[in-house]
Amino acid sequence: MISPPRIAPSILAADLARLGEEVQRVEPFVDLLHIDVMDGHFVPNITFGIPVIASLRKVTSLPFDCHLMMTNPDAYFEPFRTAGADLVTVHAEVYPDPREVAAAARAHGLQFGLALNPPTPFVAVEPYVELCDLLLVMSVHPGFGAQTFIESTLDKVAEARKFIDSRGLPTDIEIDGGIGPDNVARVRAAGVDVFVAGNAVFGAPDPVSAVEAMRHALETQREP
Ligand code: DX5
Ligand code: ZN
């Protein structure tokens with residue numbers, strides 16, 4: 001069943017020179033912190049890694065939702081956990097059969113998520129949803145913030161929602177890319193539990209107002 005909506009600001013869009021302050025400013029208003037780790041191989045961009053996560057762990061108690069856009073994330077599960085990660089999401093394109101990587105994450109005390117790029121169909125992960133705490137539906141091509149939301153990904157969300165509910169699984173559906181106050185309500189209607197927002201929050205003149213605008217849009221949305 002769908003859970004109450006949760007908001008996960010993505011630090012990719014934050015002022016990285018003032019990262020601690022940026023996170024602490026929104027902390028009372030959000031549910032998770034989305035941390036985009038990019039390796040320059042799986043995606044054509046490089047962001048931040050374990051030392052940044054460890055530094056952030058000292059300044060916030062938000063759960064860390066680590067989106068690992070990497071070709072070999074499992075090699076780093078132990079340092080991710082030690083640094084303070086709570087959940088690691090790896091890509092289905094990297095692990096067509098994710099059973100071993102899911103077990104490895106759990107063995108390190110991490111929750112496990114599986115992400116799908118826009119071209120990857122839901123059927124590719126269907127046999128493995130029951131292994132996942134989180135299914136991340138990418139609504140932009142991964143690698144960069146502030147891209148335009150791809151509408152057709154909502155069909156994938158609806159398909160995933162139907163599958164999860166029909167089997168009574170506890171797996172959350174997360175959406176990532178191009179999310180903000182203007183589209184969050186209809187994305188919720190498709191069946192999303194967790195909303196990642198980078199540019200819409202940290203790119204706004206007032207990040208707290210931006211989160212509140214998302215919350216307001218979600219509250220006035222009739223539940224699916
Ligand atoms: C993109 C990242 C996203 C990104 C979203 O590869 O996975 O988490 O930060 O940024 P916005 O919300 O700006 O589209
Ligand atoms: Zn992300």
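These numbers come from the heavy atoms of this one structure, side chains and all, not from hydrogens, waters or symmetry mates. In listed order, ligands and their atoms are each counted from 1.
- Here the heavy atom of the protein found nearest to atom 5 (C) of ligand 1 is Asp176 OD1, 3.5 Å.
- Using a 4.0 Å cut-off between heavy atoms, Asn199 contacts ligand 1 through both its backbone and its side chain.
- Atom numbering of ligand 1 starts at 1 in the shown order; those under 4.0 Å from a heavy atom of His67 are 7 (O).
- Polar contact with ligand 1: present for Ala146 (N/O pair, distance under 3.5 Å).
- When distances from the Zn ion (ligand 2) to the N, O or S atoms of Asp36 are compared, OD1 comes out shortest.
- In this structure, atom 1 (C) of ligand 1 lies nearest to the protein heavy atom Phe144 O, 3.5 Å.
- Cation-pi geometry between Arg57 and Phe64 is met: under 6.0 angstrom from the ring centre, within 45 degrees of the axis.
- For the residue pair Ser3 and Asp193, a side-chain donor N or O sits within less than 3.5 Å of a side-chain acceptor on the partner.
- Close approach to Met138 involves these atoms of ligand 1, each under 4.0 Å from a residue heavy atom: 7 (O).
- Between Leu33 and Asp65, the closest side-chain pair of non-hydrogen atoms is not below 4.5 Å.
- Of all heavy-atom pairs spanning Gln24 and Val59, the tightest one is NE2-O, 2.9 Å.
- Using modelled atom types and a 3.5 Å distance limit, the side chains of Glu27 and Ser61 yield a donor-acceptor pair.
- Annotation: side chain of Met138 is in contact with side chain of Val140 (closest heavy-atom distance under 4.5 Å).
- Here the Zn ion (ligand 2) is the vertex; the OD2 atom in Asp176 and the NE2 atom in His34 give an angle of 100° (to 10°).
- The distance criterion of under 3.5 Å between nitrogen or oxygen atoms is not met by Ala197 with respect to ligand 1.
- Two residues are said to be in side-chain contact when any heavy atoms from C-beta on lie closer than 4.5 Å; Pro73 and Val88 fail this criterion.
- Not a single heavy atom of Phe149 sits closer than 4.0 Å to an atom of ligand 1.
- Of the protein's non-hydrogen atoms, Ser10 OG, 2.8 Å is the one closest to atom 9 (O) of ligand 1.
- Relative orientation of the His91 and His67 rings is parallel, given thresholds of 30° and 60° on the angle between their planes.
- Nearest protein heavy-atom contact of atom 6 (O) of ligand 1 is Gly143 N, 2.8 Å.
- Protein heavy atom closest to atom 12 (O) of ligand 1, with residue, atom name and distance, is Gly198 N, 2.8 Å.
- Taking every non-hydrogen atom of Leu12 and a distance limit under 4.0 Å, the qualifying atoms of ligand 1 come out as 4 (C), 9 (O).
- Near His34, with a cut-off below 4.0 Å to any heavy atom, the atoms of ligand 1 are 8 (O).
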Pair Arg186, Glu151 - check side chain to side chain contact (heavy atoms under 4.5 Å, CB included), show working.
CA-CA 10 Å; Arg186 57 198 174 78; Glu151 288 292 333; 2.8 Å; yes
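- Shortest contact from atom 10 (O) of ligand 1 to any protein heavy atom: Gly145 CA, 3.6 Å.
- Under the 4.5 Å side-chain heavy-atom criterion for Ile, Leu, Val, Met, Phe, Trp and Tyr, Ile35 and Tyr76 are members of the same hydrophobic cluster.
- Contacts between Pro142 and ligand 1, counted as non-hydrogen atom pairs separated by less than 4.0 Å, involve both the backbone and the side chain.
- Looking at heavy atoms from C-beta onward, Leu134 lies out of side-chain contact with Leu114 at the 4.5 angstrom threshold.
- Listed by atom number, the atoms of ligand 1 under 4.0 Å from Gly178 heavy atoms are 11 (P), 12 (O), 14 (O).
- Of all N, O or S atoms in His67, the one lying closest to the Zn ion (ligand 2) is ND1.
- Ligand 1 does not have Ala200 within reach: every non-hydrogen atom of the residue lies 4.0 Å or more from it.
- Set against the non-hydrogen atoms of Gly177, the atoms of ligand 1 under 4.0 Å away are 14 (O).
- Numbered from 1 in the order shown, with element, the atoms of ligand 1 that lie under 4.0 Å from a heavy atom of Met69 read 6 (O), 7 (O).
- Residues Ile179 and Met214 have side chains in contact (heavy-atom distance under 4.5 Å, counting atoms from C-beta outward).
- A salt bridge is absent between Arg81 and Glu78; no separation between the charged side-chain nitrogens and carboxylate oxygens falls under 4.0 Å.
- In this structure, Met38 counts as a contact residue of ligand 1, since one of its heavy atoms falls inside 4.0 Å of the ligand.
- Residues Phe195 and Asp176 fail the side-chain proximity criterion, which asks for heavy atoms closer than 4.5 Å.
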